[in-house]
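Okay, so here's the structure we're looking at.
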Number of protein chains: 2
Amino acid sequence: MIGVMALEHAILVSLLEKPGSGYELARRFDRSIGYFWTATHQQIYRVLKRMEQDGWVDVRDVPQQGRPDKKEYSVADLGRAALTSWLHDPIEPESVRHDLAVKIRGAAFDDDPAALTREVERHRQAHRDRLAHYLAGQARDFPESEPGEAAPRAPLDAERELQHVVLRGGIAYERMMIDWLDDVLATLARFGPGR
Amino acid sequence: MIGVMALEHAILVSLLEKPGSGYELARRFDRSIGYFWTATHQQIYRVLKRMEQDGWVDVRDVPQQGRPDKKEYSVADLGRAALTSWLHDPIEPESVRHDLAVKIRGAAFDDDPAALTREVERHRQAHRDRLAHYLAGQARDFPESEPGEAAPRAPLDAERELQHVVLRGGIAYERMMIDWLDDVLATLARFGPGR
DNA sequence: ATGCACATGTAATAAGTTACATGATTCA
DNA sequence: TGAATCATGTAACTTATTACATGTGCAT
């Protein structure tokens, strides 16, 4: 078996970090985990059901005051074994899908290339927003990391260190994207007015 | 309608750059276009058939010597209009899927974190290979760009400039990934031996 | 009463992957 | 004759998206 079905594994990692309900998982997938994996609540509930049937997770009904009851999921032994197995299984270096790159090459055949400039500026702003959000998260959750320093000075526990290095990856990605979109805008400006 | 169904649009762009058969498209999706969009030949033949039915592309039987005949596809007016419409339609800044990031956070719950080191090294090598491939392509197809210079000196035609800026994006992405994977390896080394 | 955050789902559709299948021509 | 490249497809399955659907409790 090759590296497939990663949503299950992302859920397992998230539940190992902290047990929670489908709703809570959906919110995490809009935040920290969502930085490198997206999933809607519909998908999460469906997969969670299957994982429960397969014995990967345990469920516990949690009555709540002031809000609807919830089902709290936690990782069972079988789930942990499945995760370990997946972790030891090599995966293919991911194949990227960049809609925006398709649009940029497509702009050569567009009568109105100014539309692309506006679109690229929108995306650039979105990446700036995301970068600001990541940096705020880093300052809040990893205050020990000095600005300009790639790594914390003293070794911490593995879980936190690994969360931090993933966050640094997100930060590097957003910075790269902003720089590249600047390059795209400069390129568009160079031949745009002369058309 | 929001920005969906981008395979059709990637095919339209590719056919506008140069008409070709499904087989040729599949090979392009393993090369230049494949840098930012992947598709198998099965997918391409299926979508091409639908696009033909919708009048987006024209087909022409091309008898060949020394090899099987092929169907050459080219973009019809309806297809060009569909592309323009999609180009002018804003798309969401893409949601990323990084299996490797899931694995990295998951490694905190793995008995054998050395397995992740090997996996990260494999990925790092794959990104180095891809970077070398991109740089070779740049040297071959855009010799006017000086090393260390972000952009060509004299304005070229839009199609080439846009292809080049997309390639520069691929190069920036691979460089960022290699640097980040170095950071990951350093992080793993810091707490790995002490476990 | 209206809207919002919390909470959990089903159904239909679209998109993507994997396995299977065929056939031509060239070259060793 | 056997492998490699070129060329085109079908079928089954899995995954992801979109639309629809329901209900609690709190605050305004």
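Keep in mind it's a predicted model, so treat the numbers as computed, not measured. Every chain is numbered from 1, with letters handed out A, B, ... down the list of sequences.
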Steps toward salt bridge (Lys or Arg N to Asp or Glu O under 4.0 Å) verdict (A:Arg27, A:Glu24): CA-CA 5 Å; A:Arg27 289 207 322 177; A:Glu24 282 161 353; over 6 Å; no
Any B:Asp69 side-chain heavy atom under 4.5 Å of B:Asp61 side chain: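 No, side chains not in contact.
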Sub-4.5 Å side-chain heavy-atom contact between A:Glu159 and A:Gln163: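 Side-chain contact under 4.5 Å: yes.
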Donor on one side chain, acceptor on other, B:Arg97 and A:Thr38, under 3.5 Å: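 Per modelled atom types, B:Arg97 and A:Thr38 side chains form a pair under 3.5 Å.
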Exercise: do B:His123 and A:Glu94 side chains pair donor with acceptor under 3.5 Å: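 Note: B:His123 and A:Glu94 side chains miss the donor-acceptor criterion.
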Selection: residues 26-38 of chain B, any non-hydrogen atom under 4.0 Å of DNA chain C: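 Heavy-atom contacts with DNA chain C come from no residue of residues 26-38 of chain B; none.
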To the nearest Å, give me how far apart [atom1] ([X]) and [atom2] ([N]) are.
X       : N      : atom1 : atom2 : value
B:Asp69 : C:dA24 : CG    : P     : 11 Å
B:Glu92 : D:dT18 : CD    : C1'   : 14 Å
A:Asp61 : D:dT24 : CG    : P     : 17 Å
A:Leu7  : D:dT14 : CG    : C1'   : 13 Å
A:Glu72 : C:dT8  : CD    : P     : 11 Å
B:Gln65 : C:dA24 : CD    : P     : 18 Å

Within less than 4.0 Å of OP1 or OP2 of [N], is there a side-chain N or O belonging to [X]?
X       : N      : answer
A:Gln43 : D:dT17 : yes
A:Ser21 : C:dT8  : yes
B:Lys70 : C:dA24 : no

Pairwise 5' ranking along DNA chain C for B:Glu8 and B:Thr40, keeping only the more 5' one: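 Residue closer to the 5' terminus by nearest nucleotide: B:Glu8.
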Out of [options], which nucleotide sits closest to the side chain of [X]?
X       : options                : result
B:His41 : D:dA7, D:dT18, D:dT8   : D:dT8
A:Arg67 : D:dT17, D:dA7, C:dC6   : C:dC6
A:Tyr23 : C:dG9, C:dC6, D:dA16   : C:dC6
B:Arg97 : D:dT8, D:dA16, C:dT17  : D:dA16
B:Gln42 : C:dA19, D:dT18, D:dG23 : C:dA19

A:Glu8 side, atom CD; A:Trp56 side, atom CH2 - distance, nearest 0.5 Å: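 So the gap between those two atoms works out to 5.5 Å.
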Within one Ile-Leu-Val-Met-Phe-Trp-Tyr cluster: A:Phe142 and A:Tyr35, side-chain cutoff 4.5 Å: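 Same cluster: A:Phe142 reaches A:Tyr35 through Ile, Leu, Val, Met, Phe, Trp or Tyr contacts under 4.5 Å.
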Residues touching DNA chain D, which here means a heavy atom under 4.0 Å, drawn from residues 44-58 of chain B: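 B:Tyr45, B:Lys49 - these, ordered by number, are the residues of the stretch whose heavy atoms sit under 4.0 Å from the strand.
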Check: B:Lys70 side chain, B:Ser21 main-chain N or O, donor-acceptor pair, under 3.5 Å: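 No.
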Heavy-atom closest contact (B:Val47 atom, B:Leu7 atom, distance):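 Taking B:Val47 first and B:Leu7 second, the nearest heavy atoms are CG2-CD2, 3.7 Å.
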Audit row: A:Arg128, A:Glu174, salt bridge (Lys or Arg N to Asp or Glu O under 4.0 Å) steps and yes/no: CA-CA 7 Å; A:Arg128 286 179 69 88; A:Glu174 298 304 329; over 6 Å; no
Touch class at under 4.0 angstrom, heavy-atom based, for B:Gln64 against every strand present: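 Sugar-phosphate, no base atom in range.
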